[in-house]
Protein chains: 2
Amino acid sequence: MKKALRSSPKPVRPSALQAESLRQTRREHAAETAEDYAEAIADLAASQGEARVVDLARRLGVTHVTVNRTLARLQREGLVSVQPYRAIFLTPAGRKLAEECHHRHSVVVDFLKSLGIPEKTAEIDAEGIEHHVSPGTLAAFAKYTNR
Amino acid sequence: MKKALRSSPKPVRPSALQAESLRQTRREHAAETAEDYAEAIADLAASQGEARVVDLARRLGVTHVTVNRTLARLQREGLVSVQPYRAIFLTPAGRKLAEECHHRHSVVVDFLKSLGIPEKTAEIDAEGIEHHVSPGTLAAFAKYTNR
DNA sequence: TACATAATGTAGCTTTGGCTACACTTTGGC
DNA sequence: GCCAAAGTGTAGCCAAAGCTACATTATGTA
C-alpha cells in the first residue's frame, strides 16, 4: 500500500474531533423534530387553548399524516400525550423542552437582529441555527445582545 | 365545531412564515450531507493527495458502507466521480461546493471565537450552524469579526 | 509470486420523516 | 336528529442515512 497517500496514521488535521462534531450534529437531528413539535404545541395551546393535528400540520408545513406518526414517536418518548380524536397535550417533560426551545429561539433571534439582520431573515436562520447552539454559545449570544 | 378553539382562520402568529422556515430547514438537510462530504473530500485530497472511502468514513464518523451509498447519491447528483476501488474525485461542481463550505465554516468559526467562545466549542457548534446561515447573516458575521 | 490484510463493495435490515389515497369520527348547523 | 364537511386515523409507498455481516479486490511484504 502507498502509505504516504492512503490513510496515514496521524492525519494533519484532527479528524477525530471533526468526526465527533459531525456525529453529534447528526445525533441532535432526531431531537430537532421533537423540539419543533414541543414548541409548536405549546404555542398553539397558549394561543388557541388546545393543539390539534391540523394546526400542527399547518404550522410545521407537513401533512397531518406526518404529524400523526411523529406524535406517536413523541408519545413513546414521553414528551406528549395523545388520544385518538382528542387534543394534544405536552407532558411535563414536553413542557420543559418547549420552554427551553422557546427561550433559545428568542435569544438567537434577538442576537441576529442585534447584528443588524432583518427580522424575517433572523427568524428563518434562527429556525435552523437554534438547534445547534451549545449552552456556552447561547450565553455568549445573550451577553452580546445585552451589551 | 368550536370555532374559537380549533384552527381559527387567521392564527395570532404568522404560522405560514414558520412553516416555510421549517420547510426550508428540512430541505437544506439533504444538502448538508453533500456539503460535509465535499468539504471532507477536498480536505483529504489537499492533505493526502487523494480521498479514499476509509478516510472519509473515519473523518465523517460513519462506516464505509454509509460512505459508499452516499457517494453513489452524490455521483447521481453530479458532485463527485467514483469508480470501483479507485480514489474519489470532486467534479467542478463539487469543488465549488467544497470551497463555499470551507469559506462558510471559517467565517462561522472565526465569528464564534471572536465572541469569546473557546476553539473546541466553536468548532463543534460551527459544524451544526454553518449549514443554516444565509448569505446575509454570513456577511454580518464576517463584518463583526473584522470590526 | 503468493498470500494475508486492508480496502472496498454488496445484501439486507432499521429508523426517521416525507407523501397520496382512502377510511372512519366528530361536530356544527339545518 | 341528520348529515356534510372537517378533522383524524391507517395502509402503504418513497428516500436518506445509519448499521452488521459477508463477499470481493488490491497490494505490501515475505
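- Toward the 5′ end of DNA chain D lies the nearest nucleotide of B:E77, the other residue of the pair B:E77 and B:T63 mapping further downstream.
- One hydrophobic cluster holds both B:L97 and B:L44 under the rule that ILVMFWY side chains link at heavy-atom gaps under 4.5 Å.
- B:V54 has its side chain within reach of B:R58: a pair of non-hydrogen atoms, C-beta onward, lies under 4.5 Å apart.
- Between B:R59 and B:D43 there is a salt bridge, since a side-chain N of the basic residue sits under 4.0 Å from a carboxylate O of the acidic one.
- Listed by residue number, the members of residues 81-90 of chain B with any heavy atom below 4.0 angstrom from DNA chain C are B:Q83, B:P84, B:Y85.
- Among the heavy atoms of the strands lying under 4.0 Å from A:R76 are primed sugar atoms or P, OP1, OP2 only; no base atom is included.
- Between the side chains of A:S134 and B:D125, at least one donor N or O lies within less than 3.5 Å of an accepting N or O.
- Here the rule is side-chain hydrogen bond (donor to acceptor under 3.5 Å, both in side chains) with B:H131, and of B:E35, B:H105, B:R104 only B:E35 fits it.
- Which of D:dT8, D:dG18, C:dC19 sits closest to the side chain of A:V54 comes down to D:dT8.
- A:R69 comes within 4.0 angstrom of a nucleotide base, judged by non-hydrogen atoms across all strands.
- Pair assignment for D:dT10: C:dA21, on the basis of Watson-Crick or G-U wobble contacts that are both within less than 3.5 Å.
- Nearest to the side-chain atoms of A:V53 among the listed nucleotides C:dG9, D:dA17, D:dT8 stands D:dT8.
- Nucleic acid contact for B:V65: base, since at least one base atom lies under 4.0 Å from a heavy atom of the residue.
- Scanning atom types as modelled, no donor and acceptor separated by under 3.5 angstrom connect the side chain of A:H64 and the base of D:dG7.
- B:H132 and A:E127 form no side-chain donor-acceptor contact under 3.5 Å, judged by distance and modelled atom types alone.
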